[in-house]
Amino acid sequence: NFLYVLDKTISKNTVIVILSDHGEMFAKHGRFGRAGGVRGTLYDDVVHVPLMMKIPSLKGTMVHGLVEMIDVMPTLLYILNVSQPKQMQGRNVVPLIKGEKRDIHSYVFAGAKFGLQIGRPSWFIYRSQSISESIRSKEWKLIHEIIYDEEGKLEQEVYELYNLKDDPDELRNLALEQSDRTLELQGVLKSWKDKATSYDAQNISSPQLLPPDIIEQGRKHGYW
């Protein structure tokens, strides 16, 4: 038991958070790892990750509401009685834990770019380029992927819609069959993307390339 590793006095007054940044694909949809070699992966096998929190003042319970990783920081700031900056993304999930609210999100989102990084080295694993994004409610999930060829020209644009209650393994794409639902979620997803892009533009940092010796050490240990 992890808690017994800590001194009892410390554990009684310590907030502990355990989470995973991503899951893995095992040949489902013909993909492995957390992303395909050409297209990104935003199926629930990858983005539905565990999140456990030990909060000294609260009794343990299982929460069924939708939660995002960006909710962890505002939750911790609330617990520690630290004011949250107005521009911070994410929401405090304590009302969800206490049962004061059934939901804090109607939708949760995910997004990733593959092969579009500035200064991408020639040996980078993703030879093609793609943009993947998704929107998920308790019942529905829409995945949007844009794929470019190695020259950066648009090659394919794909929408996948899944009813997670009837099809939790995301095996039956209903994007054409449920066109009205697809259009509805496309609109909400675009609104989120516009806000996320605006936030990123206002808080952008200058990316720095890794030093060659660090890259070489990573390759020796099996990366790339």
Side-chain angles (χ1 to χ4, degrees), residues 19-53 62-72 74-75 89-91 93 95-97 101-116 126 128-148 154-200:
L19 73 162
S20 169
D21 59 342
H22 63 83
E24 299 287 342
M25 300 290 290
F26 293 97
K28 190 172 172 183
H29 292 278
R31 305 186 190 186
F32 292 87
R34 60 177 171 172
V38 176
R39 295 162 62 181
T41 301
L42 293 179
Y43 299 108
D44 268 14
D45 300 74
V46 172
V47 298
H48 187 189
V49 298
L51 171 60
M52 294 174 280
M53 302 181 70
M62 181 175 288
V63 175
H64 297 282
L66 297 172
V67 175
E68 299 180 297
M69 284 188 181
I70 57 174
D71 296 328
V72 173
T75 300
Q89 296 176 302
R91 297 180 180 177
V93 303
L96 201 63
I97 299 172
K101 292 185 177 181
R102 295 186 60 183
D103 296 290
I104 59 170
H105 294 292
S106 297
Y107 304 101
V108 289
F109 305 88
K113 297 179 180 180
F114 295 89
L116 297 176
Y126 300 108
S128 299
Q129 303 173 352
S130 66
I131 298 175
S132 301
E133 54 194 15
S134 70
I135 174 174
R136 187 192 197 282
S137 67
K138 287 185 176 180
E139 182 175 3
W140 293 96
K141 170 88 166 284
L142 180 71
I143 299 175
H144 176 217
E145 293 190 322
I146 306 172
I147 302 95
Y148 302 90
L154 179 63
E155 185 175 278
Q156 189 180 17
E157 185 171 10
V158 179
Y159 283 98
E160 298 175 43
L161 177 70
Y162 299 102
N163 184 319
L164 298 175
K165 288 188 176 180
D166 298 335
D167 180 24
D169 289 326
E170 299 166 286
L171 298 176
R172 185 186 176 195
N173 183 3
L174 302 175
L176 295 179
E177 185 177 328
Q178 295 277 349
S179 57
D180 289 346
R181 179 77 61 178
T182 300
L183 287 172
E184 175 190 348
L185 293 177
Q186 282 178 9
V188 182
L189 180 60
K190 183 181 183 303
S191 177
W192 166 80
K193 184 176 181 178
D194 290 343
K195 291 179 181 179
T197 302
S198 174
Y199 180 89
D200 186 52

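Summarising the geometry of Asp71 relative to Arg91, their closest heavy-atom pair is OD1-N, 2.7 Å, with the distance given to 0.1 Å. Here the closest heavy-atom approach between residue Leu96 and residue Ile104 is recorded as CD1-N, 4.3 Å. When all heavy atoms of Val67 and His105 are compared, the pair lying nearest together is CA-CD2, 4.3 Å. When every heavy atom of Ala196 is checked against every heavy atom of Gln89, the shortest pair comes out as CA-NE2, 4.4 Å. Taking all atoms of both residues into account, the shortest heavy-atom contact from Leu66 to Lys138 is CD1-N, 3.8 Å.
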Evaluate His29 against Asp45 for side chain to side chain donor-acceptor pair (under 3.5 Å), listing each step before the verdict. CA-CA 11 Å; His29 292 278; Asp45 300 74; over 6 Å; no

Could you go through the side-chain contact (heavy atoms from CB on, under 4.5 Å) check for Tyr107 and Leu189 one step at a time? CA-CA 9 Å; Tyr107 304 101; Leu189 180 60; over 6 Å; no

Go through Val93 and Val63 one step at a time and tell me if the side-chain contact (heavy atoms from CB on, under 4.5 Å) criterion holds. CA-CA 10 Å; Val93 303; Val63 175; over 6 Å; no

Trp140 and Leu164: side-chain contact (heavy atoms from CB on, under 4.5 Å), yes or no, with the steps? CA-CA 6 Å; Trp140 293 96; Leu164 298 175; over 6 Å; no

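By the 4.5 Å heavy-atom criterion applied to side chains, Trp192 and Ile135 are not counted as neighbours. Within the 4.5 Å cutoff, the side chain of Arg102 has no heavy atoms near those of the His64 side chain. Taking 4.5 Å as the limit, some side-chain heavy atom of Glu145 sits within range of a side-chain heavy atom of Ser132. Counting heavy atoms from C-beta outward, Leu174 and Tyr162 have side chains that stay 4.5 Å or more apart. Inter-residue side-chain proximity for Leu183 and Gln186 is flagged as met; some heavy-atom pair is nearer than 4.5 Å. Looking at Arg136 and Val47, their side chains never come closer than 4.5 Å, going by heavy atoms from C-beta outward. Put simply, the side chain of Val49 does not reach to within 4.5 Å of the side chain of Asp21, judged on heavy atoms. Looking at heavy atoms from C-beta onward, Leu161 lies out of side-chain contact with Glu177 at the 4.5 angstrom threshold.
Taken from OG1 in Thr75 to CD1 in Ile70, the straight-line distance is 10.5 Å, to the nearest 0.5 Å. Note: Asp166 CG to Glu139 CD = 7.0 Å, rounded to the nearest 0.5 Å. Between Asn173 atom CG and Ile143 atom CD1 the span is 8.5 Å, to the nearest 0.5 Å. The structure places OH of Tyr43 at 9.0 Å from NZ of Lys141, a figure rounded to the nearest 0.5 Å. Atom NE2 of His144 sits about 11.5 Å away from atom NZ of Lys190, to the nearest 0.5 Å. Note that CD1 of Ile131 and CD1 of Ile146 are 5.0 Å apart. Values are rounded to the nearest 0.5 Å.
Without hydrogens or angle criteria, Lys28 side chain to Glu170 main chain gives no donor-acceptor distance under 3.5 Å. Side-chain atoms of Arg172 never come within 3.5 Å of backbone atoms of Asp167 as a donor-acceptor pair (strictly under, hydrogens ignored). No side-chain donor-acceptor contact under 3.5 Å links Glu68 to the backbone of Gly90.
No more than 12 heavy atoms of other residues, nucleotides or ligands shown are found within 6.0 angstrom of CG on Leu176.
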